[in-house]
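One structure below.
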Amino acid sequence: MSEASKSLNFIEHIVEEDLTNGFSKEKLRFRFPPEPNGYLHIGHASSICLNFGLGLRYDAPVNLRFDDTNPAKEEQEFVDAIKKDVQWLGYRWNTERYASDYFQQLYDWAVLLIEKGKAYIESQSSEEMAFQKGTPIVPGTDSPFRNRSIEENLELFEAMKNGEYEEGTLVLRAKINMGSPNMLMRDPIMYRVLHRAHHRTNTDWCIYPMYDWTHGESDYIEQVSHSLCTLEFAMHRELYDWFLDQVYDEKSIRPKQREFARRNLSHTVVSKRKLLRLVQEGVVNGWDDPRMPTISGLRRRGYTPESIRNFADTIGIAKRDNLIDVSLLEFHAREHLNKVAPRVMGVLDPLKVVITNYPEGGEEWLEAENNPEDESAGSRKLPFSREIYIERGDFKEEANRKFFRLKLGGEVRLKNAYIIKAESCSKDGEGNITEIQCTYDLKSKSGSGTEESLRKVKGTLHWVCVKHALEAEIRIYDRLFLDESPDTHKDKDFMEFINPNALKVIKGYLEPSLKNAQIEDRVQFQRLGYFCVDPDSTPGKLVFNKTVGLRDTWTKIQQNN
RNA sequence: UGGCCUAUGGUGUAAUUGGCAACACAGCUGGUUUUGGUCCAGUCGUUCUAGGUUCGAGUCCUAGUAGGCCAACCA
């Protein structure tokens with residue numbers, strides 16, 4: 001649609017430029033390369049939308065490749081969760097790959113490097129190596145093992161592979177330049193010994209390749225044309241290219257690494273390591289807790305894939321540091337949910353209203369529109385009777401003209417029902433209002449077309465019939481952190497900024513049409529916000545998560561006064 | 001005693017590659033409305049600094065300033 005007129009981000013410009021310089025469109029190929037050591041978060045969503053979006057734009061294949069070179073941290077559970085999340089976002093990968101599929105090829109190439117004198121076996125401890133590595137401003141010094149004979153290197157490497165060495169004893173290092181200003185070029189480690197079972201290769205290997213050695217070569221094996229990663233890998237590019245040089249064949253596509261800035265969301269953390277801490281320390285109830293900025297958390301919270309994709313599209317891709325206000329994410333949730341979420345009524349802080357001139361024991365079912373934004377959504381029936389609940393905040397004994405709600409002597413429209421007038425109210429010993437007595441205008445029934453029904457009354461309230469009300473658990477969420485950027489304070493741990501009130505559980509009273517709501521159903525509780533049925537729901541007890549509130553100008557007016 | 005990257009409204013991203021700085025969010029005004037929602041109209045506000053090249057600079061050059069990243073047998 002408007003795709004053609006949309007401006008390009010800098011990555012798309014690079015692709016376009018490659019195309020104009022003669023790179024064949026058919027050779028375009030991308031990949032999304034998660035490490036299966038945690039759940040995907042909103043930052044990954046940006047990367048997913050970028051890579052798969054490129055695939056869609058150029059009709060090019062996109063692989064899902066798990067970067068599974070560290071069996072100490074990686075698990076099948078995460079592989080499954082990642083696949084589910086990518087699919088849920090609406091993308092289809094060309095093929096499912098694993099870096100571990102390439103272990104043999106990587107090993108063979110490593111042998112080749114040793115034979116060319118480009119790699120050697122290191123016998124020192126990691127402490128000794130770290131010391132010789134220097135610092136960003138002090139050059140490193142050569143390892144005493146740097147000039148081992150090729151024969152000895154070959155022999156030791158094979159022994160490493162055969163499990164003859166303990167973890168931490170030997171590593172294979174690329175022989176590059178200990179004096180390089182780029183620390184990554186100071187003879188980086190290619191292989192380490194790890195006597196661990198891998199989630200796919202089990203105990204086939206006791207040596208595992210490092211990221212830098214694996215990633216570029218995997219891109220090369222898959223003939224990925226553009227390998228996109230985040231900015232912290234910018235320094236790795238020189239090494240990426242160096243490793244590629246060792247195996248590159250002119251007739252093949254040479255992958256090109258380019259880096260973009262990771263997206264930071266306000267009032268949360270977007271880092272697998274930090275999210276893992278929240279899970280492990282019990283701050284949240286798991287990776288998919290609705291307070292989490294994970295894809296699974298957002299899904300459970302009630303976000304739609306469309307809203308996340310639109311969000312990613314709006315924030316774009318660039319290279320500068322950023323802190324995206326969470327209100328932009330919330331905007332996209334509302335924007336989509338407004339179109340698709342059926343309207344229902346629910347009262348979360350009930351105050352009983354008795355309609356004194358309504359017949360005792362009487363009851364009627366009223367017609368209610370399901371979604372004013374979508375005619376095809378149809379309508380439903382709502383029970384109405386003498387006793388109803390309204391929201392406690394919708395009544396005041398006395399109020400000024402700006403209060404478009406119910407006050408003593410005032411009139412208000414009950415959504416889809418009648419106009420009522422507050423006559424009196426009852427209180428308990430402490431002065432709390434316990435009940436309101438109202439009268440209703442029989443002829444004002446919504447949709448009846450009578451003169452009375454067309455009267456303009458300032459204010460329409462949502463309500464629920466007491467007799468038919470469904471009790472449900474409602475989980476209300478607030479931002480997980482009180483600080484907009486909790487993990488950027490040099491002297492403070494991000495955990496210090498946790499919002500202790502990020503979850504509030506209350507009881508709500510809902511209209512009976514919700515009785516058979518299914519898990520992940522999304523609705524709008526009119527005048528309140530969007531809510532989603534939580535997986536904790538059982539046939540006898542519904543649990544709703546508040547996704548996001550409606551825009552609330554009334555609260556704003558009150559705050560400004 | 002270094003290297004790499006970045007700098008455009010409050011936030012995020014654009015600018016036909018050197019040609020009138022725009023889009024979205026947020027904010028503020030008003031209108032419509034049986035959701036104080038939606039929708040509609042309007043409004044606020046931007047090129048880090050100093051030089052230079054040019055008829056013309058957000059874009060190119062130089063210097064500065066600020067921020068981020070780099071010393072895991074993590075990715």
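Chain A is the first sequence line, chain B the second, and so forth, proteins listed ahead of strands; every chain is numbered from 1. The basis for the numbers below is simple: all heavy atoms, side chains too, and nothing from hydrogens, waters or symmetry mates.
Of the candidates C73(B), C74(B), C25(B), the closest approach to any side-chain atom of Glu35(A) belongs to C74(B). Closest contact between the side chain of Thr314(A) and the listed nucleotides A75(B), A24(B), U34(B) involves A24(B). The side chain of Asn338(A) approaches U38(B) more closely than any other nucleotide in the set G36(B), G12(B), U38(B). Comparing A71(B), G36(B), G67(B) by their nearest atom to the side chain of Asp321(A) picks out G67(B). Listed nucleotides: U35(B), U38(B), G36(B). Nearest to the side chain of Gln526(A): U35(B). In the set U38(B), A75(B), U34(B), the nucleotide with an atom closest to the side chain of Met210(A) is A75(B). Across U13(B), U34(B), C4(B), the shortest atom-to-atom separation from the side chain of Lys415(A) is found for U34(B). Comparing U11(B), U33(B), A75(B) by their closest approach to the side chain of Asp67(A) singles out A75(B). Closest to the side chain of Phe403(A), out of C70(B), G36(B), C74(B), is G36(B). Comparing C70(B), A75(B), U6(B) by their nearest atom to the side chain of Lys319(A) picks out U6(B).
With hydrogens and angles ignored, a donor-acceptor pair under 3.5 angstrom links the side chain of Ser446(A) to the base of U34(B).
In this model, the phosphate group of U1(B) is not approached by any side-chain N or O of Thr135(A) to a distance below 4.0 Å at OP1 or OP2. Side-chain N/O atoms of Thr69(A) include one lying less than 4.0 angstrom from OP1 or OP2 on A75(B). Phosphate proximity of A15(B) to His13(A): present, with a side-chain N or O under 4.0 Å from OP1 or OP2. Contact check, Arg263(A) against U13(B): a side-chain N or O comes under 4.0 Å of OP1 or OP2. Look at Arg192(A) and you'll find a side-chain N or O under 4.0 angstrom from OP1 or OP2 of A75(B).
Here the P atom of nucleotide G36(B) and the CG atom of Leu461(A) are 8 Å apart, to the nearest Å. For Phe233(A) and A72(B), the CZ to C1' distance is 12 Å, given to the nearest whole Å. One can place NE2 of His198(A) at 13 Å from C1' of A75(B), the figure rounded to the nearest angstrom. In this structure, CD1 of Ile419(A) is placed 13 Å from P of U35(B), rounded to the nearest angstrom. One interatomic measurement links the two molecules: CG of Asp394(A) to P of G37(B), which rounds to 14 Å at whole-angstrom precision. Following rounding to the nearest Å, Leu323(A) (CG) and U11(B) (P) show an atom-to-atom distance of 9 Å. In this structure, CE of Met129(A) is placed 6 Å from P of C73(B), rounded to the nearest angstrom.
The pair Asp487(A)-Lys274(A) meets the salt-bridge criterion, since a charged nitrogen lies less than 4.0 angstrom from a carboxylate oxygen. The pair Glu364(A)-Lys445(A) meets the salt-bridge criterion, with a side-chain N (NZ, NE, NH1 or NH2) lying under 4.0 Å from an Asp/Glu carboxylate O. Salt bridge Lys421(A)/Asp441(A): absent, no basic N to carboxylate O contact under 4.0 Å. The pair Arg343(A)-Glu369(A) fails the salt-bridge criterion, with no side-chain N (NZ, NE, NH1 or NH2) lying under 4.0 Å from an Asp/Glu carboxylate O.
Nucleotides U47(B) and A66(B) are separated by 16 Å at their C1' atoms, to the nearest Å. One P atom belongs to A71(B), the other to G12(B), and the distance between them is 26 Å to the nearest Å. Between the C1' atoms of C74(B) and G37(B), the separation comes to 47 Å (whole Å).
Remark: the backbone N or O of Tyr530(A) is not paired with any side-chain donor or acceptor of Lys546(A) at under 3.5 angstrom. Remark: the backbone N or O of Ile11(A) is not paired with any side-chain donor or acceptor of Arg258(A) at under 3.5 angstrom. The backbone N or O of Pro209(A) lies less than 3.5 Å from no partner atom in the side chain of Tyr107(A), so there is not a single donor-acceptor pair. Panel note: side chain Asn37(A), backbone Lys73(A); no donor-acceptor pair is recorded below 3.5 Å. Between the side chain of Asn9(A) and the main chain of Glu12(A), a donor-acceptor pair closer than 3.5 Å is present.
Sorted by first then second residue, the side chain to side chain donor-acceptor pair (under 3.5 Å) pairs that include residues 260-269 of chain A, not counting sequence neighbours, are Glu232(A)-Arg262(A).
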Sub-3.5 Å pairs of nitrogen or oxygen atoms, protein against nucleotides 26-30 of chain B:
from, atom 1, to, atom 2, distance (Å)
G27(B), OP1, Lys556(A), NZ, 2.7

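Within residues 173-186 of chain A, the residues that have a heavy atom under 4.0 Å from RNA chain B are, in order of number, Pro181(A), Met183(A). Taking every heavy atom of residues 365-372 of chain A and every atom of RNA chain B, pairs under 4.0 Å involve Pro372(A), by number.
Both geometric conditions, a ring-centre gap below 5.5 Å and a plane tilt below 30°, are fulfilled for Trp554(A) over the base of G36(B).
A syn orientation is assigned to U17(B), its glycosidic angle lying within 90° of 0.
With sequence neighbours excluded, the residues that form a side chain to side chain contact (heavy atoms under 4.5 Å, CB included) with Ser446(A) are Arg413(A).
Residue Lys272(A) is classed as having no contact, given no heavy-atom separation below 4.0 Å to the nucleic acid.
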Structure string for RNA chain B in dot-bracket form, Watson-Crick and G-U at under 3.5 Å, | interchain:
.((((((..((((.....[..)))).(((((.......)))))....(((((..]....))))))))))).....
